Amino acid sequence: ASLVRGIAAARKTGLKPKAIIPVDLFGQSADHDGVAEVARAEGLFVLDDAAQSFGATYKGRRLGGIADATATSFFPAKPLGCYGDGGAIFTDDDELAQTLRSIRVHGQGADKYDNVRLGLTGRLDTMQAAVLLEKLKIFEDEIAARNAVAERYARALDNVVTVPRLAEGNTSVWAQYTIRLPNGGRDAFAAALKERGVPTAIYYGKSLHQQTAYRHYPVAEGGLPVSERLSADVISLPMHPYLDAATQERIIAAVHEAVA
Ligand SMILES: *Cc1c(COP(=O)(O)O)cnc(C)c1O
């Protein structure tokens, strides 16, 4: 509903919205049917940001094949990370794919020394591709391991903090395990965990529309109060496929003590 209001707010100021960029945050899919309905009604292109959610599914379909185009990231911190920078774009549109290949290599045309548009240096480094090929072989196992870690957290913390839930029809790759605290006090909670040797992180302390680069753009009427409240509220616990049960028990105990 706020997406429709946001598009209307943009149009009212004379802007011409071209696309919607839903973000599949923390490893879980956005509401793509809802987004597609708005995109169809408003005539907008959908670019899915699946940087955190490559490998996740939405109603039985893999992210990457749902929007007009989907971008993902292979930055080391992502579920499928290489050892430097990397990423990929997925689309079923052959013409768009050809344009993207050209943009990736300096706007390349018919051959190496023909340039038909302004492009980027967007090649995936061969060394990073080699890392990704090997990690792709164990990716399904790593997703299963992340899900086991998430289930252990949920069982142990469900009545202590607000734990993340999967929307119906979603599977997650658990890029982050992000919780909400019952009575605020995020800084004190982070400090208490740090004291017990448990690192935490805040994703993200600022909503997108609060970033300097975006602050002068219109937002949906009524603002984005949920987004703002959550960015003041959320904190993420350690999450990776190799978090063993004993270590996780220590983290869980630290959370219990810090909340008590
Ligand atoms: C990491 C991330 C990006 C950026 O990925 P890069 O590989 O740095 O371009 C974009 N969107 C989301 C949601 C991310 O988590």
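Counting convention: from 1, in listed order, for ligands and their atoms alike. Just so it is clear, the structure is predicted and the values come from calculations on it, not from any experiment.
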Need the list: ligand 1 N/O atoms against protein N/O atoms, distance under 3.5 Å, rounded to one decimal.
{"from": "ligand 1", "atom 1": "5 (O)", "to": "S73", "atom 2": "OG", "distance (Å)": "3.4"}
{"from": "ligand 1", "atom 1": "7 (O)", "to": "S73", "atom 2": "OG", "distance (Å)": "2.6"}
{"from": "ligand 1", "atom 1": "11 (N)", "to": "D49", "atom 2": "OD1", "distance (Å)": "3.3"}
{"from": "ligand 1", "atom 1": "11 (N)", "to": "D49", "atom 2": "OD2", "distance (Å)": "2.7"}
{"from": "ligand 1", "atom 1": "15 (O)", "to": "Q52", "atom 2": "NE2", "distance (Å)": "2.9"}
{"from": "ligand 1", "atom 1": "15 (O)", "to": "K78", "atom 2": "NZ", "distance (Å)": "2.6"}

Parallel, tilted or perpendicular: rings of F74 and F54 (30°, 60°)
perpendicular
Lys/Arg N to Asp/Glu carboxylate O, [X] vs [Y], below 4.0 Å:
| X | Y | answer |
| --- | --- | --- |
| R40 | E37 | no |
| D158 | R165 | yes |
| E42 | R11 | yes |

Which residues pass the side chain to side chain contact (heavy atoms under 4.5 Å, CB included) test with E140, not counting sequence neighbours?
R62, I143
For H240 and E142: C-alpha separation, side-chain torsions, deciding distance, then whether side-chain hydrogen bond (donor to acceptor under 3.5 Å, both in side chains) applies.
CA-CA 8 Å; H240 61 82; E142 291 195 330; over 6 Å; no
